[in-house]
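Everything below concerns the one structure shown next.
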Amino acid sequence: MASRYYQEMQESFRGNNKSREFPAHTAKVHSVAWSCDGRRLASGSFDKTASVFLLEKDRLVKENNYRGHGDSVDQLCWHPTNPDLFVTASGDKTIRIWDVRTTKCIATVNTKGENINICWSPDGQTIAVGNKDDVVTFIDAKTHRSRAEEQFKFEVNEISWNNDNDMFFLTNGNGCINILSYPELKPIQSINAHPSNCICIKFDPTGKHFATGSADALVSLWSVEELVCVRCFSRLDWPVRTLSFSHDGKMLASASEDHFIDIAEVETGEKLWEVQCDSPTFTVAWHPKRPLLAYACDDKEGKYDSNREAGTVKLFGLPNDS
């Protein structure tokens, strides 16, 4: 028997299953993220820039383009409670903090290597950035100075604090989730999560679960309290690149090189919906207040020039008549 939530969301998506695309960049989009108030969406691209859009009713309106990085912007994230600040990680060995009110870069922090992943601590005080050499640097968000630096002996794929800010999680190339105490950064536990490369990790907004995606094409859901796997989602056929929980923690979107995004009901593992895509998906992000999913794919520019990348950002969950 399908849950009431399942039935409500199915009905909601039946009337709101339209995706629209919005031009954002001149090359592929690696990362999309919503500000904490849901008013803005930021995207980071291979074209070395970040873009910020305002969400107006049922469309994204481009507000600004942020230039300054000398290489691809691989990942970005917003300040957890301040909707005006976001940070970008780039292969140019810097991270940059930007303020949407002045549209300026308020800090450029030099790091040791080419940066590929970044996250902001839930208390807003620290930014963690990981590079291609598996070094994670912890940067004070106010002074912009490095607080700590850890070199890991394994391939670090994605990093995240737990919602309570007292543990730091890393997913690695051996299929493990490594958990460190924070701020001491002492190893607490290493969980064998997957038989192959563990790629991405996300915590749900309620603090009850976190999910990991792996090269074995599985998404596993974990209890934060007990650190045990609660269930697996196995509808994708390719390595899981990106995950996002809805604002209520009840839906989980996952995507890969499969030409669809899987939307699952967290409690049951049932498929709630499937968002059709024409190409692999790099990044997904649920809106912090409503069932609206931002995502970006490896698109090509139309039928005339199949080599040019489109660089669009997409929005799913819009009314069918919009």
Side-chain angles (χ1 to χ4, degrees), residues 30-31 72 74-75 77 89 91 93 111-119 121 126-138 148-164 166-204 209-245 252-258 262 264 269 280-284:
H30 287 304
S31 181
S72 170
D74 274 347
Q75 210 173 27
C77 61
K93 302 189 179 182
T111 58
K112 285 194 172 155
E114 295 177 43
N115 300 312
I116 49 174
N117 47 40
I118 196 160
C119 60
S121 64
T126 313
I127 295 165
V129 57
N131 69 26
K132 283 185 177 167
D133 305 317
D134 309 311
V135 173
V136 177
T137 308
F138 294 85
E149 202 174 75
E150 288 283 313
Q151 168 76 63
F152 293 94
K153 292 186 172 69
F154 46 76
E155 179 188 320
V156 175
N157 287 319
E158 203 163 43
I159 51 178
S160 179
W161 273 271
N162 64 339
N163 299 21
D164 291 338
D166 61 359
M167 291 197 281
F168 191 76
F169 287 63
L170 309 98
T171 58
N172 78 28
N174 311 324
C176 293
I177 304 164
N178 292 80
I179 307 170
L180 310 175
S181 62
Y182 188 79
E184 307 79 22
L185 300 176
K186 297 276 173 277
I188 296 179
Q189 201 171 341
S190 173
I191 303 172
N192 281 329
H194 292 271
S196 59
N197 198 337
C198 197
I199 298 171
C200 45
I201 183 165
K202 276 289 179 306
F203 282 76
D204 90 4
H209 297 117
F210 66 91
T212 59
S214 163
D216 60 15
L218 291 176
V219 175
S220 53
L221 182 77
W222 300 79
S223 150
V224 169
E225 213 164 89
E226 295 161 30
L227 295 177
V228 295
C229 182
V230 187
R231 69 184 52 88
C232 276
F233 307 85
S234 59
R235 284 180 292 270
L236 296 169
D237 289 327
W238 290 87
V240 183
R241 287 185 181 170
T242 175
L243 298 165
S244 180
F245 281 98
L252 178 61
S254 53
S256 64
E257 288 178 49
D258 289 278
D262 183 74
T281 302
F282 293 122
T283 175
V284 295

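We count residues from 1, following the sequence as given.
Val284 and Ala255 make their closest contact through CG1-CB, 4.1 Å (heavy atoms, listed as atom of the first residue, atom of the second, distance). Taking both residues in full, the closest heavy atoms of Gly113 and Asp133 are given as CA-OD2, 4.4 Å, listed atom of the first, atom of the second, then distance. Across every non-hydrogen atom of Lys93 and Glu114, the tightest pair is CG-N, 4.0 Å. Of all the heavy atoms in Thr171 and Cys200, the pair that sits closest is CG2-O, 4.0 Å. Across all non-hydrogen atoms, the minimal contact from Val156 to Ile116 is O-CD1, 4.4 Å. The shortest heavy-atom contact between Asn192 and Cys176 is OD1-SG, 3.0 Å.
A distance of 10.5 Å separates CD1 of Ile201 from CD1 of Ile159, quoted to the nearest 0.5 Å. Here the OG1-CG distance, from Thr283 to Leu243, works out to 10.5 Å after rounding to the nearest 0.5 Å. Note that the CZ atom of Arg241 and the CG atom of Leu236 stand 11.5 Å from one another [nearest 0.5 Å]. With rounding to the nearest 0.5 Å, the separation of NZ in Lys202 from OG in Ser254 is 12.0 Å. For the atom pair CE of Met167 and OG of Ser181, the computed distance is 9.5 Å after rounding to the nearest 0.5 Å. Between atom OG1 of residue Thr111 and atom CD1 of residue Ile127 there is a gap of 12.0 Å, rounded to the nearest 0.5 Å.
The closest donor-acceptor contact from the side chain of Ser196 to the backbone of Asp216 lies under 3.5 Å. The backbone N or O of Ile118 sits less than 3.5 Å from a side-chain atom of Gln75, completing a donor-acceptor pair. A side-chain donor-acceptor contact under 3.5 Å links Asp258 to the backbone of Trp238. Not a single donor-acceptor pair under 3.5 Å links the side chain of Asp134 to the backbone N or O of Phe152. Side chain of Glu158 to backbone of Cys198: no donor-acceptor contact under 3.5 angstrom is found.
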Does the side-chain contact (heavy atoms from CB on, under 4.5 Å) test come out yes or no for His194 and Leu218, once each step is laid out?
-> CA-CA 8 Å; His194 292 271; Leu218 291 176; 4.0 Å; yes
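In this structure, Leu227 and Gln189 have side chains that are in contact, with non-hydrogen atoms separated by less than 4.5 Å. Side-chain contact between Arg235 and Asp262 is present, with heavy atoms from C-beta onward closer than 4.5 Å. Counting heavy atoms from C-beta outward, Glu149 and Val135 have side chains that approach closer than 4.5 Å. With contacts defined as side-chain heavy-atom distances shorter than 4.5 Å, the pair Pro239/Ile199 qualifies. Between Trp222 and Ile191, some side-chain heavy-atom pair lies under the 4.5 Å cut-off. At a threshold of 4.5 Å between non-hydrogen side-chain atoms, the residues Leu221 and Phe233 count as touching. Counting only heavy atoms from C-beta outward, the side chains of Phe210 and Asn162 never approach each other to under 4.5 Å.
Glu184 pairs by the salt bridge (charged side-chain N to carboxylate O under 4.0 Å, His left out) definition with nothing, not counting sequence neighbours.
In this model, a donor atom of one side chain and an acceptor atom of the other lie less than 3.5 Å apart for Thr126 and Tyr182. A donor atom on one side chain and an acceptor atom on the other are found under 3.5 Å apart for Thr212 and Ser220.
Within 6.0 Å of the CD atom in Glu225, the count of heavy atoms belonging to other residues, nucleotides or ligands does not exceed 12.
Below 30°, between 30° and 60°, or above 60°: for Phe168 and Trp161 the angle between ring planes is above 60°, a perpendicular geometry.
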